[in-house]
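Before any comments, here is the structure.
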Amino acid sequence: MSNKADVVIVGGGIIGCSIAYYLAKKEKSVIVLEGSDHIGDGGSSRNGGGVRQSGRDPRELPLVMYGIKHLWPKLSEELEVDCEYHQDGNLRLGKTEKHRQILEGLTERAKKVGLDVRMIDGDEVRKINPYLSEEVTCASWCPTDGHANPLTTTLGYYKMARRMGVRFITGEKAIELKKVKGKLSKVVTENNVYEGDTIVVAAGYHSRELVSTVGIDIPMVQNMIECLVTEAEPHMFDQMLGTAEADFYGHQTKHGSFVFGGTSGFEGVSKDNGTPICNSLTASCECRGIMKYFPALADAKIVRTWSGWVDMMVDGVPVLGFVDEVPGLVLAAGFCGHGFGIAPGAAYNIAELITTGASPVDMTALRYDRFKAKI
C-alpha cells in the first residue's frame with residue numbers, strides 16, 4: 001500500500017480525525033499516523049466533554065462559535081453516531097468578589113466578540129439550576145454552550161473518515177520531519193517514511209518534539225488534569241458547569257452519571273510509557289470543592305477516575321495554520337485543555353485553509369508567527 005497522500009496527519013485524536021474527515025469531504029487523500037495503539041488515546045478520551053464558548057480567550061472564541069453555530073447541531077446525524085450533544089447553557093460559578101471580577105472580565109471580553117453571555121446573581125443562578133448551594137453568589141451565563149460525549153464524537157469522526165477512504169495507521173509513532181528541496185514533505189516513523197504535499201502536526205504535546213526536527217519550537221508545557229465519574233443518579237440538570245478559577249468543571253451525562261474534572265495543583269506522575277496516573281490527592285480535593293457547590297451530590301459514589309496530559313501553550317491558546325519558516329507544515333496543537341469543544345470548528349477551518357488557501361474564520365491571531373520577535 002502506498003505511503004503517499006495529499007495530506008499526512010500526525011495525531012489520531014479528535015483534532016486529527018476531524019481534519020481528516022473534512023479533508024476527505026474535499027476529496028483529498030489522507031493518511032493519519034497515531035503513535036499509540038488506539039485512536040483518541042490522549043486528551044480526546046480524557047476530558048470532561050465541554051462544548052463551550054464562555055471563558056475562552058477572544059482569539060480562539062470565533063472558531064468555537066463557528067463550530068457551535070454551523071457544525072455541532074447536526075454532528076450526530078452527519079457522523080451517524082450519538083454525540084450526546086446538549087446545548088443547554090453553561091454556568092460559570094463564583095462565590096467571592098474575586099470570582100465576580102474574573103467572571104466580569106471574561107464576560108466583557110466575550111461580548112465584544114459577539115457572544116451572547118451575561119452576568120447573573122445567585123438568585124438567578126438557582127432559578128436555572130436549583131441544586132446549587134447558597135454559597136454561589138454570581139455566575140456568567142451563556143445559553144448556547146453545552147457538552148457532548150468525547151468518546152463517541154472522536155470515534156464518529158474516525159469511522160466516517162475511514163469510510164471515505166482515509167487510511168489510519170496506529171502504533172506508528174512519528175519521530176522526525178524531513179524537507180525535500182526546502183519544502184516539508186516527509187514524516188519518518190520508527191518503521192516507515194510517509195510522504196505528503198502537506199503535513200499536519202496534531203499530536204498534542206508530542207508536537208513540540210516532532211516539529212523541533214525542522215527547527216520549530218512550539219512554546220508549550222505538559223500539565224496533568226484528572227476527571228472522575230459517578231454512578232448514575234436521577235436526572236438533575238443539563239447545563240455545563242464550571243467555576244471562575246477553573247478549579248473544577250463538569251456535567252451530568254445522558255446515562256445519568258456525573259463527569260467532573262479539575263486539578264489539585266499537585267502534578268501527577270506517569271508510567272514509563274507516558275500514560276498519566278491519578279494521584280491520591282486530586283479526586284478528594286475535587287470532591288470537597290464540588291460538595292460546596294452541590295450539596296445534593298455529597299453521597300454520590302465515584303465509579304472511577306482518570307488523568308490526562310494537557311498541552312498548555314505559553315499564552316493559553318492553540319497554534320494553528322501554516323508555518324512560514326517551513327513550507328508544507330500545518331500546526332494544530334496546543335489546545336490547552338480546550339480541544340474537544342473547539343475541534344469541529346478548528347478542523348473545518350484548517351481543512352478549508354489547506355484546500356483553498358483561506359478559511360471562513362480568520363485564524364491569524366493563532367498562527368505560529370505570533371511568537372516572532374517584534375522589531
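Values reported hereafter were calculated over all heavy atoms of this structure, with side chains retained and with hydrogens, waters and symmetry mates removed.
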Got Leu103 and Cys138 here, is their nearest side-chain heavy-atom distance under 4.5 Å? yes
Does the side chain of Val30 come within less than 4.5 Å of Tyr22's, by heavy atoms? no
Rounded to the nearest 0.5 Å, what separates atom NZ in Lys173 from atom OG1 in Thr189? 11.5 Å
Return the minimal non-hydrogen interatomic distance between Leu155 and Ile39, and the atom names on each side. CD2-CG2, 4.3 Å
Where Thr305 and Ala283 come nearest, the two heavy atoms and their spacing: CG2-CB, 4.1 Å
Compute the ring centroids of Tyr205 and Trp309, then answer whether they are less than 6.0 Å apart. no
So Gln53 and Leu61, do their side chains get closer than 4.5 Å, heavy atoms only? yes
Closest approach of Ser76 to Cys83 (non-hydrogen atoms, all atoms of both residues): OG-N, 3.0 Å
ILVMFWY network linking Leu228 to Leu241, side-chain heavy atoms under 4.5 angstrom: yes
Which atom of Asn349 lies closest to which atom of Pro360, heavy atoms considered: OD1-CD, 3.1 Å
If I take atom OG1 from residue Thr152 and atom CG from residue Asp82, how far apart are they, to the nearest 0.5 angstrom? 6.0 Å
So which of Lys186, Arg167, Lys4, Glu172 actually passes side-chain hydrogen bond (donor to acceptor under 3.5 Å, both in side chains) with Tyr194? Glu172
For Lys69, look at atom NZ and say whether over 12 heavy atoms of other residues, nucleotides or ligands are found less than 6.0 Å away. no
Using side-chain heavy atoms (C-beta onward) and a distance below 4.5 Å, is Val319 in contact with Arg370? yes
Report the distance from atom CG of Leu366 to atom CG of Leu331, rounding to the nearest 0.5 Å. 11.5 Å
Under a 4.5 Å cut-off applied to non-hydrogen side-chain atoms, are Met363 and Ile350 in contact? yes
Would you say that Ile216 contacts Leu177 through its side chain, given a criterion of any heavy-atom pair below 4.5 Å between the two side chains? no
Heavy-atom donor-acceptor pair, Thr356 side chain to Leu353 backbone, under 3.5 Å: no
Between Arg367 and Asp324, is there a salt bridge with N-O shorter than 4.0 Å? yes
Report the distance from atom CG of Leu210 to atom CD of Glu176, rounding to the nearest 0.5 Å. 9.0 Å
Measuring only between side-chain heavy atoms, which start at C-beta, is Trp141 closer than 4.5 Å to Leu91? yes
Measure up the Tyr66 and His70 rings against each other and bin them: parallel (under 30°), tilted (30 to 60°), perpendicular (over 60°). tilted
Side-chain heavy atoms of Leu297 within contact of Met236, under 4.5 Å: yes
Taking every non-hydrogen atom, the tightest pair across Val214 and Lys178: CG1-N, 4.5 Å
Give a yes or no on whether a salt bridge exists between Lys111 and Glu108, defined as a side-chain N under 4.0 angstrom from a carboxylate O. yes
Scan residues 230-240 for pairs that pass salt bridge (charged side-chain N to carboxylate O under 4.0 Å, His left out), counting only residues two or more places apart or in two chains. none
Closest approach of Cys17 and Tyr158, non-hydrogen atoms and distance? SG-CB, 4.0 Å
Sub-6.0 Å ring centroid separation between Phe294 and Phe237: yes
Looking at Ile14, is its backbone amide N or carbonyl O close enough to the side chain of Ser44 to form a donor-acceptor pair, meaning the two atoms are under 3.5 Å apart? yes
Ring of Tyr348, cation from Lys25 - is the NZ or CZ under 6.0 Å from the centre and inside 45° of the axis? no
